[in-house]
Protein chains: 2
Amino acid sequence: MLKVKSRMDDVCEVHFIDERKAKAVKRLMKPERTIYNLAETFAALGDPTRLKIIFALFKEELCVCDIAHLLCISTSAVSHQLRILRNLRLVKYHKAGRIAYYSLDDEHIGQIFNEGLKHVEEKR
Amino acid sequence: MLKVKSRMDDVCEVHFIDERKAKAVKRLMKPERTIYNLAETFAALGDPTRLKIIFALFKEELCVCDIAHLLCISTSAVSHQLRILRNLRLVKYHKAGRIAYYSLDDEHIGQIFNEGLKHVEEKR
DNA sequence: TGTACACTTGAACAACTGTTCACATATCTT
DNA sequence: AAGATATGTGAACAGTTGTTCAAGTGTACA
């Protein structure tokens, strides 16, 4: 499983310039748990193999071995990555006999992918 | 610098179920370089510390030591993370004397953050 | 000039990651 | 039933990550 480190104590001894701004942001800051889950989700998207899988499933519902064939990697590697994506509810699947058909779990994933694409394509 | 592994040979010996679908997706697949850059960007968002920095800068332009104060981590740690975000053009800064004021580099970052938030808040 | 401050950087470390390999499970076919 | 196929899983490995620490810039102010 993807793991991610975190911390947010309230004791802090670093000097500051403008405490008003810092406090205003602190009030708005999302709960530690939310930040953690969000980081885990982005980390899942932060690997080319998983990103290709996401992209592929964005276009077509596919089974494990077609994904493996498409990306030229072992079905084992695909299965490991799909488990990570499944646990984070980024993909879902349904079984037809021995074949597992995977697809994206919700429409946000596609949006995130596209916004990210705009960012990287704009910057070079 | 954030690094990310990648590969996309055209030789592949995995069995397949539906080659038509796989080929259709392959035609649409983004270039290796694009996927790689996108993965790097998402990986940068895949860490709670950097995510908190992004969130903070989404609300306010801030200097390094105010970010450190706000998140209760060393200015060194913040500076290291800001360099990663800077290199990926996720944040920019301007200097006023010895103080460096950081802010988000473009509007896509906020969009990505919000879409991600919708995903994680919807799923539990 | 010297001291303090704001920030940056390089090296080093433990912790985490993605892949491979070997094996396990489950389902279909003959 | 046996064998082939599709997928899942645990262990192990090299490679990568984020933090800390120590030392470095450059700017401000007395």
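By convention in this document, chain letters (A, B, ...) are assigned in the order of the sequence lines, proteins followed by strands, and residues within each chain are numbered from 1.
Judged purely by atom type and a 3.5 angstrom limit, A:K21 uses its side chain to pair as donor or acceptor with the backbone of B:E61. Looking at B:D66, its side chain does come within 3.5 Å of a backbone N or O of A:D18 through a donor-acceptor pair.
Between A:K23 and B:E60 there is no salt bridge, since none of the side-chain N atoms of the basic residue sits less than 4.0 Å from a carboxylate O of the acidic one. Here A:E107 does not pair with B:K118 in a salt bridge; the nearest charged N to carboxylate O distance is not below 4.0 Å.
Between A:Y93 and A:Y101, the gap from one ring centroid to the other reaches at least 6.0 Å.
Straight-line distance from the OH atom of A:Y36 to the C1' atom of C:dC16: 11 Å, rounded to whole Å. One interatomic measurement links the two molecules: NZ of B:K52 to P of D:dT19, which rounds to 9 Å at whole-angstrom precision. At whole-Å resolution of the value, CG in B:L45 and P in D:dT17 are 15 Å apart. The CG-C1' distance, from B:N87 to C:dT9, rounds to 13 Å in whole Å. The distance from atom CD of A:Q81 to atom P of D:dT9 is 14 Å, rounded to the nearest whole Å. Between the P atom of D:dT16 and the CG atom of B:D47 lies a distance of 18 Å, rounded to the nearest Å.
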Would A:H119 and B:L90 satisfy side-chain contact (heavy atoms from CB on, under 4.5 Å), going step by step from the backbone distance to the final call? CA-CA 9 Å; A:H119 174 79; B:L90 291 168; 3.7 Å; yes
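Between A:T49 and the phosphate of C:dT19, there is a side-chain N or O to OP1/OP2 separation shorter than 4.0 Å. The phosphate of C:dT9 (OP1 or OP2) has a side-chain N or O of B:R86 nearer than 4.0 angstrom. Distances shown here put every side-chain N or O of A:T75 at or beyond 4.0 Å from the OP1 or OP2 atom of D:dT7.
Looking at heavy-atom distances under 4.0 Å, A:L82 makes no contact with the nucleic acid at all.
The minimum heavy-atom distance linking A:L71 with B:M29 is given by the pair CD2-CE, 4.1 Å.
Near DNA chain C, meaning a heavy atom under 4.0 Å from it, residues 92-104 of chain A has A:G97, A:R98 in order of number.
Of the candidate nucleotides D:dT7, D:dT20, C:dC7, D:dT20 has the atom lying nearest to any side-chain atom of B:S76. Checking C:dG10, C:dC21, D:dT7 against every side-chain atom of B:R83, the shortest atom distance belongs to C:dG10. Here C:dC7 is the nucleotide among D:dT9, C:dG18, C:dC7 with the atom lying nearest to any side-chain atom of B:C63.
Residue side chain B:H80 meets the stacking definition with respect to C:dT9: its ring centre sits within less than 5.5 angstrom of the base's six-membered ring centre, and the planes differ by less than 30 degrees.
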